[in-house]
Amino acid sequence: MLSEKIVQNLRNGSWIRAMFEEGARLRQAMGADKVFDFTLGNPDPEPPAAVREILKKFVLEETPGIHKYMSNAGYPDVREKIAKKTNHETGLSLTQEHIIMTCGAAGGLNVILKTILNPGEEVIVLTPFFVEYNFYIENHGGKIVKVNTIPDSFQPDVEALKNAISSRTKAIIVNTPNNPTGVVYSEENLKKMAEVVDAKEKEYNSTIFVISDEPYNKLVYDGVKIPNLLNIFTNSLIVNSYSKSLSLPGERIGYIAVNPGIKDVSLMVDAMVFANRTLGYVNAPSIFQKVIAESLDEVVDTEIYKVRRDMLYNNLIKYGFTCVKPEGAFYLFPKSPIEDDVSFVKSAVKYGLLLVPGSGFGAPGYFRIAYCVSIDTVKNSIPAFEAIAKEYKLI
Ligand code: PLP
């Protein structure tokens with residue numbers, strides 16, 4: 001009765017969702033205060049107060065026409081503001097024509113993939129990667145090609161990338177700060193990647209789009225700077241959203257910024273606007289377009305996340321776990337004490353710890369902790385991590 005593909009996808013399921021369901025069961029059985037749910041990247045902090053005030057203004061002022069349809073690309077004045085901000089950061093010359101408002105980063109990625117992919121064309125992702133890329137690429141008839149990052153640092157492996165690019169490669173998705181590792185790709189590595197992409201485009205006489213999926217680009221610690229990928233890759237597009245930087249994941253608001261240097265850029269933009277319409281998004285939520293246009297300099301208090309990162313990271317290291325210290329996002333990706341990460345994650349449940357196996361991100365042998373949870377959850381989870389470290393004889 002149903003599409004075989006979707007039934008198969010459902011069966012393979014998502015580990016994140018599966019563990020989330022397990023959490024509901026566990027809270028019933030053990031009591032909510034004994035369950036430490038680190039499964040979902042759903043930010044705990046409320047949106048900044050200034051953003052909530054701007055939202056109230058738009059709701060209470062009853063601006064005429066604010067609930068109507070608009071251009072499928074979004075409000076011109078909102079896109080103009082985002083273009084100006086991007087120009088300020090990059091020194092490039094974007095106009096509102098280069099910005100398309102989307103239903104979050106997920107919407108933006110689907111719009112781009114629908115626009116560029118012919119059946120069977122390849123999209124490279126760097127492992128470990130956000131699991132939904134599998135489905136977004138499949139949605140538009142593409143083929144996912146997974147390229148490992150360097151073990152233990154999770155930085156891009158430029159040689160491996162070079163070997164993976166073929167005449168069928170249509171795009172590379174780059175996600176820094178990264179979900180699930182929290183790693184920020186170094187500017188040096190990104191520039192080396194750009195050299196490889198340029199050379200391969202020449203070799204195959206092709207265009208390889210670099211899609212920078214960057215919902216975490218404002219969530220960085222210790223003064224780390226994220227280079228703007230529009231300045232590094234010519235055939236590049238940025239996909240951004242306010243889901244994480246303003247704690248607004250339920251509002252589905254984001255945008256695509258297109259590099260003006262792309263050949264036939266206006267045809268590409270027209271095609272993306274058409275895709276935004278015909279994928280059924282029609283346009284990004286109206287009120288939230290207006291809200292973010294007045295919130296472009298706002299960001300949640302990153303100190304909240306830094307405190308959680310430090311508490312978890314320092315204790316995990318103390319208890320014998322191995323883990324890269326993340327410089328961004330709100331994830332830790334430690335090594336599983338046993339090869340079988342799925343068994344490890346299952347065994348953590350008895351301590352009330354809900355984690356996601358690395359296999360879910362294409363990286364078996366690791367597990368993910370999403371620390372965008374309350375500080376009490378983090379504090380109270382520490383003895384549970386100690387107990388599991390003892391069980392696996394790490395201490
Ligand atoms: N890309 C990455 C790497 C993510 O981690 C997420 C959400 O967790 C998304 C995209 C989707 O973000 P949005 O809620 O803005 O659609």
Side-chain angles (χ1 to χ4, degrees), residues 14-17 19-20 37-45 47 51 74 82 100-114 123-137 139 144 146 149 154 156 171-185 210-220 226 229 237-257 275-276 279-281 283-285 288-289 291-292 295 299-300 305 326-333 356 358 360-363 368-373:
S14 151
W15 271 109
I16 304 180
R17 283 281 155 190
M19 293 309 291
F20 185 68
D37 187 346
F38 293 107
T39 54
L40 277 191
N42 202 5
D44 179 59
V51 176
I82 294 177
I100 299 166
M101 303 307 297
T102 61
C103 292
L109 288 165
N110 275 280
V111 162
I112 295 172
L113 293 169
K114 181 172 174 65
V123 180
I124 292 179
V125 301
L126 307 185
T127 305
F129 62 93
F130 178 49
V131 64
E132 305 297 78
Y133 294 159
N134 281 304
F135 307 111
Y136 299 166
I137 294 166
N139 280 345
I144 190 164
K146 301 170 191 173
T149 50
F154 301 121
I172 302 168
I173 302 181
V174 177
N175 169 225
T176 173
N178 181 264
N179 175 10
T181 63
V183 163
V184 172
Y185 295 164
V210 173
I211 305 169
S212 178
D213 177 26
E214 43 188 73
Y216 303 98
N217 77 333
K218 295 266 178 58
L219 303 184
V220 285
I226 313 267
L229 269 67
L237 302 104
I238 284 181
V239 177
N240 211 333
S241 84
Y242 301 89
S243 298
K244 320 288 173 169
S245 61
L246 294 180
S247 279
L248 293 172
E251 305 300 351
R252 313 308 306 133
I253 185 72
Y255 68 88
I256 299 168
N276 205 25
L279 282 171
Y281 300 121
N283 56 250
F288 272 89
Q289 289 190 46
V291 170
I292 58 101
S295 312
V299 62
V300 289
Y305 290 129
E327 291 178 316
F330 40 52
Y331 306 107
L332 286 149
F333 202 60
V356 184
F361 307 95
R368 189 188 79 170
I369 302 173
Y371 59 83
C372 47
V373 296

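Since the structure is predicted, the reported quantities are computational estimates derived from the model, not experimental observations. For ligands, and for the atoms within them, numbers begin at 1 and follow the listed sequence.
Annotation: atom 6 (C) of ligand 1 to nearest protein heavy atom, F130 CZ, 3.4 Å. Of the protein's non-hydrogen atoms, Y216 OH, 2.6 Å is the one closest to atom 5 (O) of ligand 1. When only non-hydrogen protein atoms are considered, atom 16 (O) of ligand 1 lies nearest to R252 NH2, 2.6 Å.
Residue-level proximity to ligand 1 for A105 is carried by backbone and side chain together, each with a heavy atom below 4.0 angstrom. At a 4.0 Å heavy-atom cut-off, ligand 1 touches S243 through the side chain alone. Residue contacts with ligand 1, taken as heavy atom pairs separated by less than 4.0 Å, do not involve E132 at all.
A donor-acceptor contact shorter than 3.5 Å is absent between the side chain of R252 and the backbone of A284. Using a distance-only test at 3.5 Å, with no hydrogens or angles considered, a donor-acceptor pair links the side chain of T102 to the main chain of G104.
Atom numbering of ligand 1 starts at 1 in the shown order; those under 4.0 Å from a heavy atom of D213 are 1 (N), 2 (C), 3 (C), 10 (C). Taking every heavy atom of K244 and a limit of under 4.0 angstrom, the matching atoms of ligand 1 come to 7 (C), 8 (O). Counting the atoms of ligand 1 from 1 in the order shown, those under 4.0 Å from a heavy atom of S241 are 15 (O). Atoms of ligand 1 found under 4.0 Å from any heavy atom of N175, numbered from 1 in the order shown, are 3 (C). The G104 neighbourhood of ligand 1 comprises atoms 15 (O), 16 (O), with distances under 4.0 Å to a heavy atom of that residue.
For the pair G41 and ligand 1, the shortest N or O to N or O distance does not fall below 3.5 Å.
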| said: Walk me through whether V373 and D37 qualify under side-chain contact (heavy atoms from CB on, under 4.5 Å). | reply: CA-CA 8 Å; V373 296; D37 187 346; 5.9 Å; no
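Under the 30°/60° scheme for interplanar angles, the aromatic rings of Y133 and F129 are found to lie parallel.
For S247, the side chain to side chain contact (heavy atoms under 4.5 Å, CB included) partners at least two apart in sequence or on another chain are P43, P45, P47, V300, Y305.
Ligand 1 has P215 within reach: a non-hydrogen atom of the residue lies less than 4.0 Å from it.
Here the rule is side chain to side chain contact (heavy atoms under 4.5 Å, CB included) with I211, and of V123, V239, I172 only V239 fits it.
Within the 4.5 Å cutoff, the side chain of L246 has no heavy atoms near those of the K218 side chain. For the pair N178 and F154, the minimum side-chain heavy-atom distance is 4.5 Å or more.
For Y216 and Y331, the ring centers sit closer than 6.0 Å to each other.
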